[in-house]
Structure formats: C-alpha cells, structure tokens
Amino acid sequence: MIVKVCGMRDPENIRQVERTGADWMGFIFYPRSPRYVAERPAYLPQRMRRVGVFVNAEEADIRRHIADYGLEAVQLHGQERPELCAALRKDSTTVIKAFRLKTAAEAAATADYEGAADYFLFDTPTEAFGGSGHRFDWSLLDHYRGKTPFLLSGGIGPDSLDALSRFHHPCWAGIDLNSGFETAPARKDVEQLTLFIELFNQLSV
C-alpha cells in the first residue's frame, strides 16, 4: 500500500517525514491553500516520490513546477479535463486525478478519466480543495466500478486504523495523509506519523 504525506513545506520537517516510512510526499501549489508552497524549500526529499498538487492550473504552470521541483507525479484536484491528464502522463509523469465524493453518482463519474490517469484520489468535498480533516462516506466507493487504482484521502488521522482495517476494495492502492497529523498547517507530527505508518503497514501485509 502506498502512503502519501501531503501538504509539506518546512525543510527540516520534510527531512523528518522522509524517515517515517512514507512513500510519496505532496507539495501544494494552490495559492489559496494554507499549505501553499510559494518557493522551493531548501530541502526536498531524495527517497520519496515528489508529488505536486494543483487546482485548475494552466498546463504551462504545471510543467514549470515539474521542472523546477523535480516532480515525479502531479495530483490534479480541480476540474481538469481528461485531455490534460493524458497529455501530462504522455511525458512519463505519474498523474493522480482527485475526485471529491458526496454521492454515488460522483463515484461513477470517473469513467471519462479511465486510461488518462495512473491513479484516482477520492477526497471529502470542501471549498478549500482538501485538508478539511473530515472523512467522506467510504461506502460510496461500493459504486466505483473502474479499473484505475485509487488512494483514500480526507480526514484520515491517528484514530483511523480500525476503519482502514475494515475497508476493502479491489482497486484500493493506498492512503493520503495530511491535516490529521499536523501540529500547524504544513507541519506534521513526525512521531505520530511514524507510529501510524508502521501500524498501517502491518494491516496491509
């Protein structure tokens, strides 16, 4: 199972989180986010896949960040079209398309993106495009019949292990951790995160 830690910015905190056992690290390039990365941190992870998170950004802006930050993946969290996903993916960039789920119909509406993205990410609906700290109804994913693997996001915190142990889906590929492990926006509680990842990995063996 993939473990992605999102919303990073502080260089020392990045170094610490890199040692937690997580696989991917997300950097948010959405100016309205409290975790917005306005300039390149003094340190970027060397042993984790770097993921850039964008909301309705222009393709040229996304490509500029890919080059400037050495991004290996992009997460598109707005109303981006399948054509943009496919164009970025063509250049060997891993593409994660995010969907905010409120109804079963929204879980089924991912069909247009099949083949255009490497992963989907299912998150809680919020005006802030993520980082809400609230969990959506995971039973909505019973209506997801696609073949694209997905990450679970939204409101996953230290007390979520029991719920995760009971969640099953053939396309479930990992989890996305953010505000549930923060001491402040863009700063993660490394001790809490390390323990959680260790226990989660035991669940997914």
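Keep in mind it's a predicted model, so treat the numbers as computed, not measured. Residues take their numbers from the sequence shown, with the count starting at 1.
By the 4.5 Å heavy-atom criterion applied to side chains, Val95 and Leu84 are not counted as neighbours. Contact annotation: the side chain of Leu193 approaches that of Ile197 to within less than 4.5 Å [non-hydrogen atoms, C-beta and beyond]. Trp172 places none of its side-chain heavy atoms less than 4.5 Å from the side chain of Leu141. Thr194 has its side chain out of reach of Glu191: every pair of non-hydrogen atoms, C-beta onward, lies at least 4.5 Å apart. Between Phe200 and Ile156, every side-chain heavy-atom pair lies at or beyond the 4.5 Å cut-off.
Applying the side-chain hydrogen bond (donor to acceptor under 3.5 Å, both in side chains) test to Thr94 and every residue at least two apart in sequence or in another chain returns Arg49. For Tyr36, the ring pair (Phe, Tyr, Trp, His ring centres under 6.0 Å) criterion is met by no residue, not counting sequence neighbours. The side-chain hydrogen bond (donor to acceptor under 3.5 Å, both in side chains) test applied to Thr148 returns Glu114, not counting sequence neighbours. In terms of the side-chain hydrogen bond (donor to acceptor under 3.5 Å, both in side chains) criterion, residue partners of Tyr43 (sequence neighbours excluded) are, by chain and number, Glu18.
Nearest approach of Ala163 to Arg135, heavy atoms of both residues: CB-NH1, 3.2 Å. Nearest heavy-atom pair across Val17 and Lys188 is CG2-CB, 4.0 Å. Between Ala87 and Glu59, the shortest heavy-atom distance links the atoms CB-OE2, 4.2 Å. Shown here for Pro11 and Pro41, the closest heavy-atom pair between the two residues is CG-CB, 4.4 Å. Nearest heavy atoms, Ala173 versus Pro149: CB-CB, 3.8 Å. The two residues Arg50 and Gly70 make their nearest non-hydrogen contact at CD-O, 3.6 Å.
For the atom pair Arg19 CZ and Met48 CE, the distance stands at 12.0 Å (nearest 0.5 Å). Between the CD1 atom in Ile14 and the CE atom in Met25 there is a gap of 6.0 Å [rounded to 0.5 Å]. The CG atom of Leu203 sits 9.0 Å away from the CD1 atom of Ile175 when rounded to the nearest 0.5 Å. The line from CD of Glu58 to CD of Glu80 is 10.5 Å long, rounded to the nearest 0.5 Å. With rounding to the nearest 0.5 angstrom, the CE atom of Met8 is 11.5 Å from the CZ atom of Arg35. How far CD of Gln192 is from CD of Glu182: 11.5 Å, rounded to the nearest 0.5 Å.
Under 3.5 Å, the side chains of Thr93 and Asp91 contain no donor-acceptor pair of N or O atoms.
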Show your working on side chain to side chain contact (heavy atoms under 4.5 Å, CB included) between Thr20 and Gln16 and close with a plain yes or no. CA-CA 7 Å; Thr20 62; Gln16 295 168 338; over 6 Å; no

Step-by-step ring-ring contact (aromatic ring centres under 6.0 Å, His included) determination, Phe120 to Phe99: CA-CA 7 Å; Phe120 293 151; Phe99 297 90; 5.1 Å; yes

Hey, mind stepping through Val190 and Asn13 against side chain to side chain contact (heavy atoms under 4.5 Å, CB included) and telling me if it holds? CA-CA 8 Å; Val190 177; Asn13 202 219; 3.7 Å; yes

Could you walk me through whether Phe27 and His65 satisfy the ring-ring contact (aromatic ring centres under 6.0 Å, His included) test, starting with their C-alpha distance in whole Å, then the side-chain angles of each, then the deciding distance to 0.1 Å, before giving a yes or no? CA-CA 10 Å; Phe27 300 90; His65 281 87; over 10 Å; no

Side chain to side chain contact (heavy atoms under 4.5 Å, CB included) between Tyr30 and His77, worked out: CA-CA 10 Å; Tyr30 177 52; His77 226 289; over 6 Å; no

Step by step, work out the side chain to side chain contact (heavy atoms under 4.5 Å, CB included) result for Leu88 and Arg63. CA-CA 8 Å; Leu88 293 168; Arg63 291 188 182 280; 4.0 Å; yes

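Between the side chain of Lys97 and the main chain of Asp118, no donor-acceptor pair closer than 3.5 Å is present. At least one donor-acceptor pair under 3.5 Å links the side chain of Arg40 to the backbone N or O of Asp68. Between the side chain of Asp123 and the main chain of Arg100, no donor-acceptor pair closer than 3.5 Å is present. Proximity of a side-chain donor or acceptor of Gln46 to a complementary backbone N or O of Leu44 within less than 3.5 Å is detected.
Aromatic ring pairs are classed by plane angle as parallel below 30°, tilted from 30° to 60° and perpendicular above 60°; the pair Phe150 and Tyr144 is perpendicular.
For residues 174-193, the pairs satisfying ring pair (Phe, Tyr, Trp, His ring centres under 6.0 Å) are Phe181-Phe196, with sequence neighbours left out.
Ile2 shares a hydrophobic cluster with Trp24, Val51, Ile96, Tyr119, Leu121, Leu151; the chain of contacts runs through ILVMFWY side chains whose heavy atoms sit under 4.5 Å apart.
Around CD of Glu83, the count of heavy atoms belonging to other residues, nucleotides or ligands within 6.0 Å exceeds 12.
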